[in-house]
Trainee: 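Dropping a structure here in structure tokens format, bear with me for questions.
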Amino acid sequence: MDYIFICILIFLFLLAIFDLSVGVSNDAVNFINSAIGSKAASVKRILIVASIGVFIGAAMSNGMMDIARHGIFRPEHFSFYELICIFMAVMVTDIILLDVFNTLGMPTSTTVSMVFELLGATFVVALIKMTGTASDIGISELINTEKALSVILGIFLSIAIAFIFGTIVQFVSRAVFSFNYRHRLRWKIGIFGGLCTTAIIYFILIKGTKDLTFMTPEVKQWINANTMYILGGCLMAFTIIMQVLHALRINVLKTVVLIGTFSLAMAFAGNDLVNFIGVPVTGLESYMDYSANGAGDAHGFLMGSLNGPASTPFYFLVGAGVIMVVSLATSKKARNVSRTEIGLGSQSGGDEMFGSSRIARRLVRWTLNILSWIRSVTPQGMRRWLNSRFNVEETDKEAGAAFDLIRGSVNLVLAGTLIALGTSLKLPLSTTFVTFMVAMGTSLADRAWSRESAVFRITGVISVIGGWFITAGVAFIGAGLIVSVMYWGGKGVMLILAVITIILIIRSNRRFRNRRSAEDDDTLFRTILSTDDKSRVWPMFLLLINDRQKKFLTYAGKCYDSITLAFLKEDLRTLDKTERSMSEQKKFLKNDRRKETLCWRTVNRTTAIEKSAWFHLSNNCCMSMLYNLRRINETCKEHIENNFLPLPSCHSADFNNIRSRVDALIKDTVAFMNAPTMEQAEALRHRCDDTKRIISGTYHNLHSELHEGRQETITVLYVYLNMLQETRELISSLRKYLRACAKLHSDE
């Protein structure tokens with residue numbers, strides 16, 4: 001039966017490979033966000049620098065392996081079989097959880113997920129052992145509560161620490177350099193670059209060298225004894241080097257950003273790499289100990305050997321680095337996660353990825369009140385000086401960048417420093433937490449959250465942080481449930497869950513591919529905003545409007561058909577499903593309108609004046625049609641939920657005629673949008689008028705029947721009357737839309 005354990009180990013390593021790929025989309029992308037957002041270099045060059053950092057950082061990650069070995073549980077009280085169940089549950093839960101978050105484009109944390117999965121699975125197995133053993137062993141003997149608590153506190157305290165330090169350091173940096181920083185670099189840039197580089201040298205090379213395999217005790221002792229001299233020498237040397245580079249007209253800030261990218265990549269590899277491979281490597285070492293000393297008793301052989309220090313083969317670390325680099329360069333999901341952080345920290349106004357929430361609105365209101373009080377007690381001279389240093393109108397950034405190089409430098413150097421410090425203390429600070437919250441703190445200090453965008457940005461931050469806490473809870477509960485099923489079900493259940501995991505991974509990737517069309521729309525949207533050629537904007541903008549509105553009209557036609565058919569067939573499930581889809585469609589329409597309004601600002605002024613009325617009218621018509629559909633669905637659903645009488649057959653023929661006319665009109669409108677002309681628009685508008693007359697005739701006949709009809713049919717006839725009214729309004733909106741669409745595409 002040991003062959004089963006070999007199969008499980010192979011599966012753990014296969015999951016680790018996929019976990020590395022998925023984790024890069026969510027975590028590793030953090031160390032290139034600031035470089036990409038500030039346009040410090042080409043993406044290719046940024047990836048090369050990050051790749052070198054990953055490889056060097058991988059060699060430093062061995063000391064962190066202890067978290068997976070004995071940081072959460074006390075292995076001397078767990079059997080080999082129990083630990084295999086825990087490891088299997090952790091990897092299965094982690095893969096599913098991270099892939100779901102990546103597909104949604106939300107940055108979660110591998111550190112949080114791994115720690116809470118280990119904790120949840122260990123907690124459940126510990127309860128099983130405590131209830132099934134004759135000894136008086138307690139929870140503290142099974143779970144390393146002290147270490148687990150320090151790990152959890154380290155993870156969640158990093159949110160506040162990173163945000164506060166990011167805000168303070170960026171505030172000081174901006175006060176020194178201001179937004180128009182290029183005119184203030186002559187003597188400051190050398191010191192700034194020297195401090196940044198020295199910080200990297202201290203926390204990455206000095207604090208991280210003690211876990212390198214080629215470091216002898218003598219060298220470590222010499223470094224510890226001469227730390228201050230090394231730092232002083234580095235500060236002087238790098239200050240001079242950076243000043244010379246500036247004199248040679250080399251952009252020192254870009255150099256600092258690339259060095260920061262390198263350092264953060266090293267910190268990531270040293271701190272988070274173990275989250276991906278620590279569990280399977282520990283499982284392999286457990287199996288080797290069991291196969292050598294266990295005598296075939298998987299349930300009775302205790303794993304006290306895991307209390308020893310980790311010794312991970314170097315080729316495992318390098319192989320993991322290769323997988324991460326390849327995944328980083330090719331992952332489509334990584335782009336989703338990257339856009340989330342860059343969008344929330346963007347200096348300029350743009351497409352806001354999140355809506356407004358009540359807590360965000362209150363936080364903004366409280367903050368405005370506090371700022372008003374601070375302004376009232378701050379001397380006027382100090383206020384004038386601060387306003388001159390924080391004049392956002394003078395922002396000097398690279399073309400197409402979300403923020404400038406000063407903020408990009410602070411983001412990278414500070415995040416790398418904090419993470420490396422946590423690594424040196426054997427605390428698995430979350431790379432995602434630290435990097436994201438530093439970026440949010442620096443954007444707050446930079447006044448990137450204006451009154452026009454603050455509510456949306458804070459909602460986004462709350463959503464991301466809430467996602468992290470949800471990750472913790474779901475990871476704990478999910479791993480606990482899965483490990484209990486595996487423990488009682490045995491090896492067969494483990495294999496079944498392995499197959500289910502593979503199926504879920506395949507399905508998740510298929511769903512992601514189906515969403516690529518939306519990404520293509522976003523690509524066109526970003527192209528319109530970034531182009532400097534005004535003559536190209538209007539044709540691209542028309543293409544964007546046409547594509548989005550064609551999709552909506554196609555949806556509206558299908559939606560109307562499904563609602564009315566469900567009413568005739570008394571299909572409550574379809575009405576429920578349609579109601580949910582229309583709520584989502586409303587969000588899409590609002591988001592599209594926001595994006596299109598941003599693009600509208602880039603259109604040539606003369607064209608904008610001529611076409612603005614038709615542009616806004618077409619948008620309003622689409623929203624009106626959606627409201628008509630929602631009101632039809634609402635009354636139909638309420639009627640069927642109450643189990644009232646269906647529509648009498650004498651009215652079904654008339655209604656089916658109206659349904660077919662509406663369906664044909666919407667389909668012909670979608671076809672008309674391929675090459676809109678005024679002649680085609682007028683022909684379709686005449687058909688709209690004919691359809692409205694038919695609906696009005698049916699409506700008036702129905703009114704007469706309501707006065708003379710039987711009491712038991714009045715309720716359904718009122719629903720039918722409402723459907724006719726809303727259908728007529730829908731056709732009126734469609735008629736207005738046809739004219740607006742034709743006018744938008746005309747040359748007049």
Trainee: Treating Y81 as the side-chain partner and Y487 as the backbone partner, does any N or O pair qualify as donor plus acceptor under 3.5 Å?
Mentor: yes

Trainee: Looking only at non-hydrogen atoms, find the nearest pair between A50 and T261 and report the distance.
Mentor: CB-CG2, 4.2 Å

Trainee: Could you report the tightest heavy-atom contact between G408 and S34, atom names first, then the distance?
Mentor: O-CB, 3.9 Å

Trainee: How long is the straight-line distance from OG1 of T255 back to CZ of F238, given to the nearest 0.5 Å?
Mentor: 12.0 Å

Trainee: Tell me if a side-chain donor or acceptor on K129 pairs with a main-chain N or O of L142 at a distance below 3.5 Å.
Mentor: no

Trainee: List for me each residue that meets side-chain hydrogen bond (donor to acceptor under 3.5 Å, both in side chains) alongside T442, sequence neighbours excluded, and say none if there are none.
Mentor: N411

Trainee: If you take all heavy atoms of V434 and S158, which pair is closest and at what distance?
Mentor: CG2-CB, 3.8 Å

Trainee: Any chance you could measure S291, atom OG, to F301, atom CZ, to the nearest 0.5 Å?
Mentor: 9.0 Å

Trainee: Is the closest side-chain heavy-atom distance between F262 and I52 below 4.5 Å?
Mentor: yes

Trainee: Taking only residues two or more places apart in sequence, or in another chain, which ones meet T122 in a side-chain contact (heavy atoms from CB on, under 4.5 Å)?
Mentor: I72, F73, F78, I86, I143

Trainee: Does F123, at its CZ atom, have more than 12 non-hydrogen atoms belonging to other residues, nucleotides or ligands within less than 6.0 Å?
Mentor: no

Trainee: So do M437 and I465 actually touch side chain to side chain, heavy atoms under 4.5 Å?
Mentor: yes

Trainee: Can you tell me how far CG of L12 sits from CD1 of I84, rounded to the nearest 0.5 angstrom?
Mentor: 6.5 Å

Trainee: Where does the angle between the aromatic ring planes of Y287 and F80 fall among parallel (under 30°), tilted (30 to 60°) and perpendicular (over 60°)?
Mentor: tilted

Trainee: State the CD1-CE distance between I8 and M486, to the nearest 0.5 angstrom.
Mentor: 8.0 Å

Trainee: Roughly how far apart are C7 SG and L14 CG, rounded to 0.5 Å?
Mentor: 10.5 Å

Trainee: CZ of F165: more than 12 outside heavy atoms within 6.0 angstrom?
Mentor: no

Trainee: If I take atom CG from residue L83 and atom CD from residue E285, how far apart are they, to the nearest 0.5 angstrom?
Mentor: 12.5 Å

Trainee: E117 pairs by side-chain contact (heavy atoms from CB on, under 4.5 Å) with which of V474, V90, V92?
Mentor: V90

